[in-house]
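Following: one structure in structure tokens, then a few remarks.
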Amino acid sequence: MTKIIYLDSPENFSFRPTIYSHGWSELLPFEIDEETWKLSYVFTDNNGKNPTYATISDENGRLAIEVENSELNEDFQAKILNETKHILRLDEDLNKFYKLIEKQKNLRWIADANAGRLVRSPTVFEDLIKTICTTNCSWSLTKNMTRNLVEKLGISTKNGKKSFPTAEAMANQTPEFYRDEIRAGYRSPYFHELAEAVAIKKINPESWLKSDLPTNELKKEMKKIKGVGDYAAENLLKLVGRYDGLALDSWLRAQFYKKHNKETVCEDTQITEFYSKFGSWRGLAIWCDMTERWFKVEKS
DNA sequence: GCGTCCAGGTCTACC
DNA sequence: GGTAGACCTGGACGC
């Protein structure tokens with residue numbers, strides 16, 4: 001039995017550009033159906049239990065969340081609604097960004113498409129683990145590692161879908177487990193150490209969402225975690241709503257060379273200078289600029 | 001089949 | 001603070 005709960009979407013929000021904003025929607029427990037344009041996820045209750053598969057779709061301007069659990073209590077239903085808002089960034093105000101790019105002929109499409117909301121996981125912990133999975137490897141390997149984490153450590157729904165593992169579940173595994181079962185390679189001791197630190201509350205990644213620290217200080221905090229360098233920290237900063245950093249990686253650099261530098265390699269300083277006019281929004285500006293063709297494909 | 005390169009980088013030791 | 005070398009994995013590529 002399923003139950004549908006509804007959520008009003010704000011002005012300047014479009015569902016497709018949001019769920020298609022970057023690769024996160026391809027990483028389990030997220031799944032994206034590009035034919036029906038639905039995004040699914042496996043939610044858990046406040047105790048990290050009762051895994052529940054839900055599919056989010058746009059229904060004439062409001063969001064329909066179809067939940068495969070007809071006996072949701074009020075707390076769990078509220079949690080699913082709040083986490084959906086967080087995943088899709090419904091409370092994020094991009095008007096200042098849209099205003100900033102208003103006179104940029106090549107970027108005006110972002111505001112026209114209501115793009116710029118980068119989909120994210122319900123918890124910063126999940127985004128942190130996934131970000132480490134993106135470092136120094138191909139996208140297919142990122143997907144493999146994430147799939148292994150979910151399939152081997154997640155809790156299963158009645159229909160066999162699995163949740164993202166909790167820090168506690170990850171802390172209970174050894175570095176050898178991550179190396180042999182998750183195929184995480186040199187990242188294996190990092191995962192064990194990080195999960196343990198979060199489980200015993202030595203580190204609280206969720207606090208980054210409302211941190212009063214200046215961005216450069218928060219970035220330093222993030223980089224204290226093994227496996228998190230400049231790229232990973234700046235990617236995480238974007239996911240907690242700060243766009244000061246470009247989060248340059250080999251893919252983003254290659255896209256820039258192709259689009260703005262006649263397919264010629266250049267220094268990072270040149271890329272930084274190119275987007276400096278966008279100030280604290282430069283990280284979002286480069287990401288939207290480099291992924292423009294994704295949206296053109298979608299429209300065609 | 002085998003070796004090499006490299007992909008959505010980071011860490012450590014050393015200077 | 002800057003830099004060289006090492007680090008897991010697995011797909012692509014050349015031979």
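Numbers restart at 1 for each chain; the letters A, B, ... are given by sequence-line order, proteins then strands.
Using a 30° and 60° split on the angle between ring planes, A/F295 and A/Y20 fall in the perpendicular class, above 60°. A tilted orientation is assigned to the rings of A/W287 and A/W251, their planes being inclined by 30° to 60°.
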Contacts table for residues 277-286 of chain A: side-chain donor-acceptor under 3.5 angstrom, sequence neighbours left out:
residue	atom	partner	partner atom	Å
A/R282	NE	A/D244	O	2.7
A/R282	NH1	A/G279	O	2.7
A/R282	NH2	A/D244	O	3.1

Extract all donor-acceptor atom pairs below 3.5 Å that involve side chains of residues 39-48 of chain A and protein atoms in other chains or at least two apart in sequence.
residue	atom	partner	partner atom	Å
A/S40	OG	A/E31	O	3.3
A/S40	OG	A/Y53	OH	3.1
A/Y41	OH	A/E126	OE1	2.6
A/Y41	OH	A/E126	OE2	3.4
A/D45	OD1	A/N47	N	2.9
A/D45	OD1	A/G48	N	3.2
A/D45	OD1	A/K49	N	2.9

Return a table of donor-acceptor pairs under 3.5 angstrom between the side chains of residues 196-208 of chain A and protein atoms on other chains or two or more places apart.
residue	atom	partner	partner atom	Å
A/N204	OD1	A/E206	N	3.2
A/E206	OE1	A/V124	N	2.9
A/E206	OE2	A/V124	N	3.2
A/E206	OE2	A/F125	N	3.0
A/S207	OG	A/N204	O	2.7

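Atoms OG1 and NZ, from A/T134 and A/K143 in turn, are 13.5 Å apart once rounded to the nearest 0.5 Å.
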> side-chain contact (heavy atoms from CB on, under 4.5 Å) between A/T55 and A/I65: does it pass, once the steps are laid out?
Replying inline: CA-CA 6 Å; A/T55 302; A/I65 310 167; over 6 Å; no

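We find that A/E234 and A/K238 are not joined by a salt bridge, their nearest charged nitrogen and carboxylate oxygen being 4.0 Å or further apart. Ionic pairing of A/E181 and A/K152 is present here: one or more N-O contacts between side-chain nitrogen and carboxylate oxygen are shorter than 4.0 angstrom.
For DNA chain B, the span of nucleotides reached by chain A at under 4.0 Å from its heavy atoms goes, 5' to 3', from B/dA7 to B/dT12.
If you take atom C1' in B/dC6 and the same atom in C/dA6, they sit 15 Å apart, rounded to whole Å. Across the P atoms, B/dG8 and C/dC13 are found 13 Å apart, a figure rounded to whole Å.
Looking only at side-chain heavy atoms (C-beta outward), A/M145 and A/C137 come within less than 4.5 Å of each other.
The side-chain contact (heavy atoms from CB on, under 4.5 Å) search around A/T269 returns A/E267, not counting sequence neighbours.
Taking a 4.0 Å limit (strictly below) on heavy-atom distances, residues 116-142 of chain A reaches DNA chain C at A/N136, A/L141. Near DNA chain B, defined here as any heavy-atom distance below 4.0 Å, the residues from residues 215-226 of chain A are A/I225, A/K226, listed numerically. In the region residues 245-263 of chain A, proximity to DNA chain B at under 4.0 angstrom, judged on heavy atoms, holds for A/D249, A/S250, A/W251. Across residues 176-194 of chain A, A/R179, A/R183, A/G185, A/Y186, A/R187 each have a non-hydrogen atom less than 4.0 Å from an atom of DNA chain C (numbered order).
Clustering of Ile, Leu, Val, Met, Phe, Trp and Tyr side chains at separations under 4.5 Å places A/Y186 together with A/Y190. Hydrophobic side-chain contacts under 4.5 Å tie A/I155 to no other Ile, Leu, Val, Met, Phe, Trp or Tyr residue.
With hydrogens and angles ignored, the 3.5 Å screen pairs no side-chain donor or acceptor of A/N159 with any backbone N or O of A/K161.
Environment of NZ in A/K38: sparse, with no more than 12 heavy atoms of neighbouring residues, nucleotides or ligands closer than 6.0 Å.
Looking only at atom types and distance, the side chain of A/D289 has no donor-acceptor partner in the side chain of A/N106 under 3.5 Å away.
A centroid separation of less than 6.0 Å is found between the aromatic rings of A/F274 and A/F256.
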> Where each pair must be Watson-Crick or G-U wobble with both distances under 3.5 Å, what dot-bracket representation of DNA chain B is obtained, with crossing pairs in [ ] and other-strand partners as |?
Replying inline: |||||||.|||||||

